[in-house]
Amino acid sequence: MAKLKLRGKDLIAIGYPQGKVISIAIDIMLRHYKRDRKDKVVQRLKTVLKTPEKYIGDGIMGKIAEELMQPVKVEAQKLNTQRAPFTIFGENEIQEEAKHQLYTALKLPVAKAGALMPDGHSGYGLPIGGVLATENAVIPYGVGVDIGCRMCLSIYDINVSYLEGHKDKYIQMLRDHSKFGGYEVHKNIPMHEIFEHKGFSEIPTVKKLKDKAFKQLGSSGGGNHFVEFGSVEITDPDNEFDIPPGKYLGILSHSGSRGLGANIAKHYTKLAMKQNPLPQEAKHLAWLDLNTHDGQEYWIAMNLAGDYASACHDDIHRRLSKALGSRPLTVIENHHNFAWKEEVEGKEMIVHRKGATPAGKNVLGIIPGSMTAPGFIVRGKGNEASLNSASHGAGRRLSRRKAKTMLTGSEVKKMLRDHGVTVLGGGLDEAPMAYKDIHKVMANQTELVEVIGMFTPKIVRMDKN
DNA sequence: ATGTGC
């Protein structure tokens with residue numbers, strides 16, 4: 001009988017990865033099966049390749065299996081030495097660390113342009129307030145962990161004095177219709193078109209999260225998420241809502257895609273870091289090529305998480321509207337942790353905004369201040385240097401840890417009392433003093449947005465510390 | 001941000 005002739009190209013032909021596993025496999029097969037028919041040997045190798053985990057510990061095939069299960073070593077990509085063009089707004093108010101995080105991102109081979117908003121501060125990967133345009137690549141941590149996190153404001157034709165006069169009633173409404181960090185807001189599985197989204201049926205990773213998404217619909221998260229009643233003042237007589245200037249009752253909410261988005265972010269950033277390793281300082285900025293299967297999948301999953309975040313706000317506002325017995329005059333909503341396909345300098349790019357509000361020409365948005373400072377309803381000016389963006393809030397002045405050690409409960413209580421604000425839940429890390437002066441931040445972005453109105457919080461509900 | 005930990 002003829003001796004087995006097994007070559008590297010035979011293994012590559014059935015899908016073996018280039019590398020030392022090929023010589024190891026040939027060596028083992030020749031040693032143990034040199035009198036067998038080639039097609040039978042190849043079939044054995046195929047089976048091991050398909051399910052190597054079943055052959056771990058096998059006397060003959062174990063070593064091949066082990067080698068197949070070793071992570072493939074991919075050479076780390078180099079960063080460019082030159083930074084892509086960028087603009088920083090309100091530079092004097094931004095800590096160096098956040099700027100350096102942007103500089104690192106601007107050296108990615110896929111980076112084409114960037115910007116940093118005046119509320120910028122350091123984050124994980126791209127800084128908070130960071131905007132980055134890339135070509136045909138999406139960076140999961142350029143979007144952030146809380147995919148699709150957003151603001152939503154409903155404006156009601158209800159006199160704000162009514163809120164002052166019936167405070168307990170409004171407090172109870174927030175207690176009944178907002179849920180923080182929680183599960184099962186609804187007794188039965190909620191009906192919402194979001195659950196028809198193809199991502200839930202087509203992407204295995206997302207499919208596994210559907211039950212969690214059901215249970216968390218209409219809930220808010222922790223940290224800086226909130227649902228609040230407040231006073232809206234419309235100042236622009238030419239506003240697009242046809243609302244006469246004046247004061248109105250408003251409900252403002254801030255939250256994102258809960259466990260669904262967090263798990264999507266975690267899964268795809270892990271994939272990106274494995275497939276596209278980067279030098280240490282940039283490793284969290286690993287991207288997925290949009291022409292790959294995983295890149296396409298992330299794009300669908302990210303959009304689903306964004307729609308889910310929107311559905312959560314919709315659910316909260318709908319229940320509160322019902323409790324109020326009123327319909328909103330208008331609803332304004334914008335997300336600030338996302339990636340969009342947008343035209344930059346005449347070319348389609350992937351624009352990541354991580355804690356930055358879209359501010360294209362005439363695009364509406366909400367920029368909150370703090371519990372004791374107003375937030376602003378804004379209209380974008382379409383500033384190109386900002387990549388059509390603006391800040392997403394006042395930005396942190398104190399890190400969570402610093403706020404907890406430097407601030408005291410009594411001074412925070414006093415400040416809230418002085419401003420006539422009631423807060424349910426929350427901790428020192430969300431105290432007004434932990435945030436920058438929103439007026440200064442707004443002054444640093446007059447080229448980016450114009451103000452249509454303001455929102456002043458009156459009753460705020462947050463997660464229990 | 002996260003039923004919160006490589």
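Chain letters run A, B, ... following the sequence lines, proteins first, then strands; residues in each count from 1.
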Classify the nucleic acid contact of [X] as base, sugar-phosphate or nothing, counting any heavy atom under 4.0 Å across all strands shown.
{"X": "A/Gly256", "answer": "nothing"}
{"X": "A/Lys212", "answer": "base"}
{"X": "A/Gly144", "answer": "nothing"}
{"X": "A/Gln216", "answer": "sugar-phosphate"}
{"X": "A/Asn337", "answer": "nothing"}

For this session: Kindly write out the residues that satisfy ring-ring contact (aromatic ring centres under 6.0 Å, His included) with A/Tyr124, not counting sequence neighbours, or none if the list is empty.
Result: A/Tyr141, A/His284

Seminar exercise, completed: Sorted by chain and number, sequence neighbours left out, ring-ring contact (aromatic ring centres under 6.0 Å, His included) with A/Tyr308 holds for none

Can you measure [X] atom [atom1] to [N] atom [atom2] for me and round it to whole angstrom units?
{"X": "A/Phe226", "N": "B/dA1", "atom1": "CZ", "atom2": "P", "answer": "11 Å"}
{"X": "A/His284", "N": "B/dC6", "atom1": "NE2", "atom2": "C1'", "answer": "12 Å"}
{"X": "A/Ile264", "N": "B/dA1", "atom1": "CD1", "atom2": "P", "answer": "18 Å"}
{"X": "A/Phe338", "N": "B/dA1", "atom1": "CZ", "atom2": "P", "answer": "18 Å"}
{"X": "A/His225", "N": "B/dT4", "atom1": "NE2", "atom2": "C1'", "answer": "14 Å"}
{"X": "A/Asn224", "N": "B/dA1", "atom1": "CG", "atom2": "C1'", "answer": "8 Å"}
{"X": "A/Lys266", "N": "B/dA1", "atom1": "NZ", "atom2": "C1'", "answer": "10 Å"}
{"X": "A/Met462", "N": "B/dA1", "atom1": "CE", "atom2": "P", "answer": "8 Å"}

Exercise. Ion pair present between A/Lys414 and A/Glu411, side-chain N to carboxylate O less than 4.0 angstrom?
Worked result: no

For this session: For the residue pair A/Phe229 and A/Tyr170, categorise the inter-ring angle as parallel (less than 30°), tilted (30 to 60°) or perpendicular (more than 60°).
Result: perpendicular

Problem set entry | Mutual orientation of the aromatic rings belonging to A/His100 and A/Tyr103 [parallel < 30°, tilted 30-60°, perpendicular > 60°] | perpendicular

Exercise. Do any side-chain nitrogens or oxygens of A/Arg258 fall under 4.0 Å of OP1 or OP2 in B/dA1?
Worked result: no

